[in-house]
Amino acid sequence: MTKTVDVKKGDLLYAGKAKSIYKTDNPDYTIMAFRDDVSAFNGVKLEQLQRKGQINNFFNGFIMQKLEEAGIPTHFVGFTSETESCVKKLDMLPLESVIRNRAAGSIAKRYGLKEGLEFNPPTVEFFFKSDELNDPMLNESIILTLGYATQDQLDQMKDLSLRVNTVLSEIFDKAGILLVDFKLEFGLFNGQIVLGDEFSPDGSRLWDKETLEKLDKDRFRQDLGGVVEAYEDVANRIGVPDYFA
Ligand code: ADP
Ligand code: UDP
């Protein structure tokens, strides 16, 4: 199951809020480095959480491999270190795709919904990825008119996001965890839509099925403590291995 890959790390291309992207000796690949930085409220609240980078790297690699097995094209190539993965270099679309199975966060606030309200069918939302503009919500018409994606790309992103939801809801359910919501990002590789970025407790909401305890970044947003411990608990429950043990 350990998927490691041997590529040479080059110059830094981009440092985001939680990850850094490096060139490699293969123009099709980049290295994604998961840092210990955690941020919320568009970078206003910032901290470092020891070991988070490693946990999220393994968490993401594990999930991406599960999605590949289910036929979803992802950028994941393999691990290059405890905190780094080799991924296909994508031309990222400037969109965030958010799927929700229950009300929480911004949708609960926007429509005055009680946290935990079940959604059937799940909702699909797109946001414009812009720190400057605070990631405003988009609709299909705006996406098409502003050229952020074509109709075909949009249809594929919706379909893939919902398929990711089906695959991951089952994995978390078996571990006694509710997949409340999550954010995905897609990009183009040789013109094809591919799932990029990451899936980890940093970009999803995961609640214990019995106690409804939050096991994701809301622990950081809401100062609940035990952030890394919760991420590790989820990783253990779904069977994420220590790939470099
Ligand atoms: P942010 O940019 O939101 O602060 P991160 O710290 O997570 O976020 O930085 C990771 C950046 O890398 C994001 O901008 C993301 O869109 C981009 N990215 C993710 N996957 C890939 C990929 N496969 N190829 C190129 N860029 C990617
Ligand atoms: N999310 C994310 N990055 C963002 C915005 C949202 O990873 O820039 C994730 C967030 O962690 C949650 C889901 O997307 O799992 C839905 O977030 P929401 O719209 O409720 O916004 P928030 O409560 O984070 O402001």
Any side-chain to backbone donor/acceptor pair from [X] onto [Y]? Under 3.5 Å, distance only.
| X | Y | answer |
| --- | --- | --- |
| Asn57 | Phe34 | no |
| Gln153 | Thr150 | yes |
| Lys183 | Glu198 | no |
| Asp37 | Ala18 | no |
| Arg35 | Gly16 | yes |

For [X], does the [atom1] atom sit with more than 12 other heavy atoms under 6.0 Å from it, leaving out its own atoms?
| X | atom1 | value |
| --- | --- | --- |
| Lys88 | NZ | yes |
| Tyr29 | OH | no |
| Glu210 | CD | no |
| Gln192 | CD | no |
| Lys89 | NZ | no |
| Glu170 | CD | no |
| Lys45 | NZ | yes |

If you draw the axis of the six-membered ring of Tyr231, does the NZ or CZ of Lys52 fall within 45° of it and under 6.0 Å from the ring centre?
-> no
Quiz question: by atom type and distance under 3.5 Å, do the side chains of [X] and [Y] form a donor-acceptor pair?
| X | Y | result |
| --- | --- | --- |
| Asn60 | Ser200 | no |
| Asp155 | Gln151 | yes |
| Ser169 | Asn165 | yes |

Which is it for Glu140 and Lys158 under the side chain to side chain contact (heavy atoms under 4.5 Å, CB included) test, yes or no, and what are the steps along the way?
-> CA-CA 11 Å; Glu140 287 202 22; Lys158 272 195 284 186; 2.4 Å; yes
Drop me the distance from [X]'s [atom1] to [Y]'s [atom2], to the nearest 0.5 angstrom.
| X | Y | atom1 | atom2 | answer |
| --- | --- | --- | --- | --- |
| Phe126 | Leu93 | CZ | CG | 9.5 Å |
| Glu232 | Ile55 | CD | CD1 | 4.0 Å |
| Thr30 | Ile21 | OG1 | CD1 | 5.0 Å |
| Leu215 | Asp233 | CG | CG | 6.0 Å |
| Cys86 | Phe79 | SG | CZ | 11.5 Å |
| Gln65 | Glu68 | CD | CD | 8.5 Å |

Pairing residues for Tyr22 by the ring pair (Phe, Tyr, Trp, His ring centres under 6.0 Å) criterion, not counting sequence neighbours = none
Under the criterion side chain to side chain contact (heavy atoms under 4.5 Å, CB included), which of [options] is the partner of [X]?
| X | options | result |
| --- | --- | --- |
| Ile142 | Thr145, Leu146, Leu144 | Leu146 |
| Phe199 | Ile63, Leu67, Thr74 | Ile63 |
| Val227 | Leu49, Asp202, Asp216, Asp218 | Leu49 |

Find out if a path of hydrophobic residues (ILVMFWY) with successive side-chain heavy-atom gaps under 4.5 Å connects [X] to [Y].
| X | Y | result |
| --- | --- | --- |
| Met92 | Leu184 | no |
| Ile72 | Val77 | no |
| Trp207 | Val98 | no |

Quick one: sort the Phe58 and Tyr243 rings into parallel, tilted or perpendicular, breaks at 30° and 60°.
-> perpendicular
Work out which heavy atom in [X] is nearest to a heavy atom in [Y]; give both atom names and the distance.
| X | Y | answer |
| --- | --- | --- |
| Val124 | Ile99 | CG2-CD1, 3.7 Å |
| Gln50 | Val228 | O-CG2, 3.6 Å |
| Glu185 | Leu195 | O-CD1, 3.5 Å |
| Pro201 | Asn56 | CD-OD1, 3.8 Å |
| Asp36 | Gly53 | OD1-N, 2.8 Å |
| Phe128 | Pro94 | CD1-O, 3.4 Å |

What I want to find out is whether [X] reaches [Y] closely enough, with some N-O distance under 4.0 Å, to be called a salt bridge.
| X | Y | answer |
| --- | --- | --- |
| Arg219 | Glu213 | yes |
| Arg100 | Glu125 | yes |
| Asp173 | Lys209 | yes |
| Arg205 | Asp181 | yes |

Establish, yes or no, whether a centroid distance under 6.0 Å links the rings of Phe189 and Phe186.
-> no
Apply side chain to side chain contact (heavy atoms under 4.5 Å, CB included) to Glu115 and Val180, showing your working.
-> CA-CA 10 Å; Glu115 188 179 76; Val180 171; over 6 Å; no
Kindly determine whether Val164 and Val167 satisfy side chain to side chain contact (heavy atoms under 4.5 Å, CB included), including the steps that lead there.
-> CA-CA 5 Å; Val164 168; Val167 175; 5.9 Å; no
Those residues at least two apart in sequence (or on a different chain) that pass side-chain contact (heavy atoms from CB on, under 4.5 Å) with Asp6 are none
